[in-house]
Amino acid sequence: MPDVPVIDEPICHTCGVQFARSDPPPRSCPICEDPRQWVPEDGQRWTSIAELRATHVNRVAPDGGLVGIGTEPRFAIGQRALVVPSAAGNVLWECVSLLDDATAEAVEALGGLAAIAISHPHYYSAMVEWAHRFDCPVLLHRDDARWIMRPDPAIELWEGETRELGGLTLLRLGGHFAGATVLHRPDGQGTLLSGDVVQVIPDRGWVSFMYSYPNLIPLPAAEVQRMAAALEPYDFEAIQGAWWGTTVRRDGKGVVRRSAERYVRALQGDLP
Ligand SMILES: [Zn+2]
Ligand SMILES: [Zn+2]
């Protein structure tokens, strides 16, 4: 046994992203100091997987026709991941900060994971823990590589606009982050798994697009038009957002098209 206590990899309490072990531990979280996130008024706080295992559990439950995995009580940004079947095996879309035996057993019962893919750094969470447990790669867009706080050989950076993944397509959409990615699933009537790159909002007839959601910083009109155009080649009725129950069930492609047009008009002063 080592003489010094082993300090777990720190997890930022605000964004849920796990950092590599370091001595001394990190003083600040670059993801939360970025204008797209925020640092609490009373300062940076850290936790760890061991602490989360004592205070939180993961709910594994159906959501939008897939299986969702989310931490309860709500932790950090509060996203839930989705297990997405593909021809290459299950893909975990997004990730969460807690991984415990009960969660791992539930995912094993679904057939395990062939890969993890994450839309953008706000959901990097404890991706390396998950990759090690399921012996699978984490696919991230290279344009966001500077935000990886726990580098690991399991992380595979992809480049360009699309990457095929067992019949699914990872599509770099940009906007919220340079490498921000959505996942298109062609099965059935088609589903766009959008994280918050395309944000599902309370009115399910619309979506929105922002540079920062907590700080309410919009995207330029040209960027929103480019994002909508990049989705035009893909057919999808459903859009799955980043939280439990954030599902657009019908006409997803029309919803994106109309929402982008409304957004651009609003930026030009033509409020709906
Ligand atoms: Zn953070
Ligand atoms: Zn985000």
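Indexing begins at 1, ligand by ligand and atom by atom, following the structure's order.
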**Report entry** Atom pair OH/CG of Y234 and L171 - distance to nearest 0.5 Å
**Finding:**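 It is 5.0 Å, given to the nearest 0.5 Å.
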Query raised in the report: By atom name, which N, O or S atom of H122 is the nearest to the Zn ion (ligand 2)?
Result: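 Output for this pair reads ND1.
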Query raised in the report: With the Zn ion (ligand 2) as the point of reference, which N/O/S atom of D196 is the closest?
Result: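 So the atom name we want here is OD2.
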Query raised in the report: Is the charged tip of R185 near the ring of W93: under 6.0 Å from the six-membered ring centre and within 45° of its axis?
Result: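 No; the conditions do not both hold, so R185 does not lie above the ring face of W93.
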Query - Student check: side-chain heavy atoms of Q240 and R80 closer than 4.5 Å - result: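 Sidechains of R80 and Q240: in contact.
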Query - Near the Zn ion (ligand 1) (cut-off under 2.8 Å), count of protein N, O or S atoms - result: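 Protein heteroatoms (N, O, S) closer than 2.8 Å to the Zn ion (ligand 1) number 4.
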Query raised in the report: Under 6.0 Å between ring centres, would you say that holds for W46 and H13?
Result: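 No, they do not, as the ring centres are separated by 6.0 Å or more.
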Query raised in the report: Do the side chain of S22 and the main chain of P24 share a donor and acceptor less than 3.5 angstrom apart?
Result: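 Yes; at least one donor-acceptor contact below 3.5 Å.
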Query - N/O donor-acceptor pair under 3.5 Å between S86 side chain and A88 backbone - result: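 Such a contact is found between S86 side chain and A88 backbone.
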**Report entry** Set of side-chain hydrogen bond (donor to acceptor under 3.5 Å, both in side chains) partners for E156, sequence neighbours left out
**Finding:**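 Counting only residues at least two positions away or on another chain, E156 forms no side-chain hydrogen bond (donor to acceptor under 3.5 Å, both in side chains).
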